[in-house]
Enquirer: 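For reference, the structure I am asking about is given below.
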Amino acid sequence: MSRRRDGLIIAMDGPAGVGKSTVGGLVAKSLGYRFINTGEMYRALTWKALERGVDLDDHDAVLAFAKGLNWEFKPIEEGGVALKTFLDGEPVTSQIREERVSVNSSRVAANPGVRKLLSRFQRDLGERGAIVMEGRDITTHVFPDADVKIYLDASPEERAGRRYKQLKASGQDADRGAILAAILKRDLSDLKREINPLKQAQDALVIDSTRLTMRQVADRILRRVRREAKHGRS
Ligand code: DC
């Protein structure tokens, strides 16, 4: 019997703003798999802790707070592939994109107890397979034995440019220089984090998406998945 009953585990890591969610969603949809953006878990906890006035640098307090919440991961709409974080019965969606959450989530992501707790949720979700999971430590720490591992990269300038266009297209003000500075700052905190920093797994397929569309990246991953499904280990 297959080690993972429902399908493969596809793990994806890479820096902020590289398109992991868009690509991960496309891949999951093509395969009929579930998709989860694990950054949303860190963001959800950051948002809730900020709301409640928990001191984000007090690791014990943040962990106790996290453990006291009721966590669920499920699609918001019927038949959706993306599993969203629900805290105490409520979906946490647009709130987690607030600037204060983006800025403060790295403090929560540096908390070893929180990383352990969220990694456990992520392993539970992936246990049966048939999942695409993206984050910063999925290929290296959460699922080092994933069936397919992808490291998605793009230059900081390209990532900033994409974000700039997204903001402009949605009618918001945008400052290209400030966006680039924020991206470089987030890269630094992801790469230099003491516990489970962002790094390329040795056996990951590295894809530089600087000159590719999201669809082209997804197709490249799907080719790898088909190969793995044919010759795979599970
Ligand atoms: O991908 P994102 O920017 O939405 O992630 C939010 C925060 O969570 C960011 O500080 C990186 C961190 N993160 C992490 O440490 N490990 C993960 N697996 C996913 C995200």
Enquirer: Flag yes if Leu45 and Leu87 sit in one hydrophobic cluster, no otherwise; membership is Ile, Leu, Val, Met, Phe, Trp, Tyr, and two members link when side-chain heavy atoms are under 4.5 Å apart.
Expert: yes
Enquirer: Side-chain heavy atoms nearer than 4.5 Å, only ILVMFWY residues, links allowed to pass through others: does that put Ile36 and Ile9 together?
Expert: yes
Enquirer: Looking at every heavy atom in both Ser102 and Arg43, which two are closest together, and how far apart are they?
Expert: OG-NH1, 3.1 Å
Enquirer: Using atom types as modelled and distance alone, determine if a side-chain donor or acceptor of Arg176 lies under 3.5 Å from a backbone N or O of Ala160.
Expert: no
Enquirer: To the nearest 0.5 Å, how far apart are OG1 in Thr85 and OH in Tyr42?
Expert: 11.5 Å
Enquirer: Given the rule that I, L, V, M, F, W and Y join up when any side-chain heavy atoms are under 4.5 Å apart, are Tyr151 and Val132 in one cluster?
Expert: no
Enquirer: Would Thr210 and Arg159 count as having a side-chain donor-acceptor pair, cut-off 3.5 Å?
Expert: no
Enquirer: Please say whether more than 12 non-hydrogen atoms of neighbouring residues, nucleotides or ligands are located less than 6.0 Å from CZ in Arg163.
Expert: no
Enquirer: Does Gln202 CD have over 12 foreign heavy atoms under 6.0 Å away?
Expert: no
Enquirer: Group every Ile, Leu, Val, Met, Phe, Trp and Tyr by side-chain heavy-atom contacts under 4.5 Å, then state whether Ile131 and Leu152 land in the same group.
Expert: no
Enquirer: Just how far is it from atom CZ of Arg224 to atom CG of Leu205, taken to the nearest 0.5 Å?
Expert: 4.5 Å
Enquirer: Could you walk me through whether Leu125 and Leu83 pass side-chain contact (heavy atoms from CB on, under 4.5 Å), step by step?
Expert: CA-CA 10 Å; Leu125 287 167; Leu83 304 180; 4.1 Å; yes
Enquirer: Does the Tyr33 side chain pair with the main chain of Val81, one donor and one acceptor, at a distance under 3.5 Å?
Expert: no
Enquirer: Please write out which residues are connected to Leu184 in a hydrophobic cluster, directly or through intermediates, given that two of Ile, Leu, Val, Met, Phe, Trp, Tyr count as joined at side-chain heavy-atom separations below 4.5 angstrom.
Expert: Leu180
Enquirer: side-chain contact (heavy atoms from CB on, under 4.5 Å) for Val101 and Arg97? Distances and angles first, verdict last.
Expert: CA-CA 7 Å; Val101 175; Arg97 300 291 151 200; over 6 Å; no
Enquirer: Ignoring hydrogens and geometry, is there a side-chain-to-backbone donor-acceptor pair from Gln95 to Thr93 under 3.5 Å?
Expert: yes
Enquirer: Could you walk me through whether Lys84 and Glu40 pass side-chain contact (heavy atoms from CB on, under 4.5 Å), step by step?
Expert: CA-CA 8 Å; Lys84 295 287 173 186; Glu40 290 183 1; 3.0 Å; yes
Enquirer: Write down the atom of Ala110, the atom of Pro112, and the distance for their closest heavy-atom approach.
Expert: O-CD, 3.3 Å
Enquirer: Under a 3.5 Å distance rule, please check whether Arg34 uses its side chain to pair with a backbone N or O of Gly129 as donor and acceptor.
Expert: yes
Enquirer: Are Ser105 and Arg186 close enough that a side-chain donor and a side-chain acceptor fall under 3.5 Å?
Expert: no
Enquirer: Please check: side-chain N/O of Trp71 versus main-chain N/O of Ala66, any donor-acceptor pairing under 3.5 Å?
Expert: yes
Enquirer: Give a yes or no answer on whether the side chain of Gln216 reaches the backbone of Thr213 with a donor-acceptor pair at less than 3.5 Å.
Expert: yes
Enquirer: Aromatic ring centroids of Phe73 and Phe121 under 6.0 Å?
Expert: yes
Enquirer: Under 4.5 Å between any side-chain heavy atoms of Asp147 and Ile10, yes or no?
Expert: no
Enquirer: More than 12 heavy atoms of other residues, nucleotides or ligands under 6.0 Å from CD of Glu194: is that the case?
Expert: no
Enquirer: Quick check: do Leu8 and Leu31 have side-chain heavy atoms less than 4.5 Å from each other?
Expert: no
Enquirer: Indicate yes or no for a side-chain donor-acceptor contact from Arg223 to the backbone of Arg226 under 3.5 Å, with no hydrogens or angles considered.
Expert: no
Enquirer: Give a yes or no answer on whether the side chain of Asn111 reaches the backbone of His59 with a donor-acceptor pair at less than 3.5 Å.
Expert: yes
Enquirer: Quick one: does Lys149's side chain have a donor or acceptor within less than 3.5 Å of a partner on Pro144's backbone?
Expert: yes
Enquirer: Is the shortest heavy-atom distance from the side chain of Val27 to the side chain of Phe35 under 4.5 Å?
Expert: no
Enquirer: Can you list, pair by pair, the side-chain donor-acceptor contacts under 3.5 Å of residues 12-26, counting residues two or more places apart and other chains?
Expert:
unit_1, atom_1, unit_2, atom_2, d
Asp13, OD1, Arg136, N, 3.2
Asp13, OD1, Asp137, N, 3.1
Asp13, OD1, Ile138, N, 2.9
Asp13, OD2, Ile138, N, 3.1
Asp13, OD2, Thr139, N, 2.7
Asp13, OD2, Thr139, OG1, 2.5
Lys20, NZ, Gly14, O, 2.9
Lys20, NZ, Pro15, O, 3.0
Ser21, OG, Asn37, ND2, 2.8
Ser21, OG, Glu134, OE2, 2.8

Enquirer: Are the charged groups of Glu158 and Arg162 less than 4.0 angstrom apart, N to O?
Expert: yes
Enquirer: To the closest 0.5 Å, what do you measure between CG (Asp57) and CG (Asn104)?
Expert: 8.5 Å
Enquirer: So do the side chains of Phe65 and Asp55 get within less than 4.5 Å of each other, counting heavy atoms only?
Expert: no
Enquirer: Taking the side chain as C-beta and beyond, is there a heavy-atom pair between Asp173 and Leu167 under 4.5 Å?
Expert: no
Enquirer: Quick check on side chain to side chain contact (heavy atoms under 4.5 Å, CB included): which of Leu56, Val54, Ile96 does Thr46 satisfy it with?
Expert: Leu56
Enquirer: Who passes ring pair (Phe, Tyr, Trp, His ring centres under 6.0 Å) against Phe143, sequence neighbours left out?
Expert: none
Enquirer: Is Phe86 close to Val92 at the side-chain level, that is, under 4.5 Å between some pair of heavy atoms?
Expert: no
Enquirer: Working to the nearest 0.5 Å, report the span between NZ of Lys185 and OG of Ser106.
Expert: 7.0 Å
Enquirer: Taking Ser209 for the side chain and Leu212 for the main chain, is one N or O donor matched with an acceptor at less than 3.5 Å?
Expert: no
Enquirer: Is there a side-chain contact between Pro197 and Lys192, using heavy atoms and a 4.5 Å cut-off?
Expert: no
Enquirer: For Ser119 and Val142, which heavy atoms make the closest approach, and how far apart are they?
Expert: OG-CG2, 4.0 Å
Enquirer: If I take atom CZ from residue Arg215 and atom CZ from residue Arg220, how far apart are they, to the nearest 0.5 angstrom?
Expert: 13.5 Å
Enquirer: Would you mind reporting whether Arg115 and Arg120 have side-chain heavy atoms less than 4.5 Å apart?
Expert: no
Enquirer: Check whether Val225 and Val217 end up in the same hydrophobic cluster, where Ile, Leu, Val, Met, Phe, Trp and Tyr are linked by side-chain heavy atoms less than 4.5 Å apart.
Expert: yes
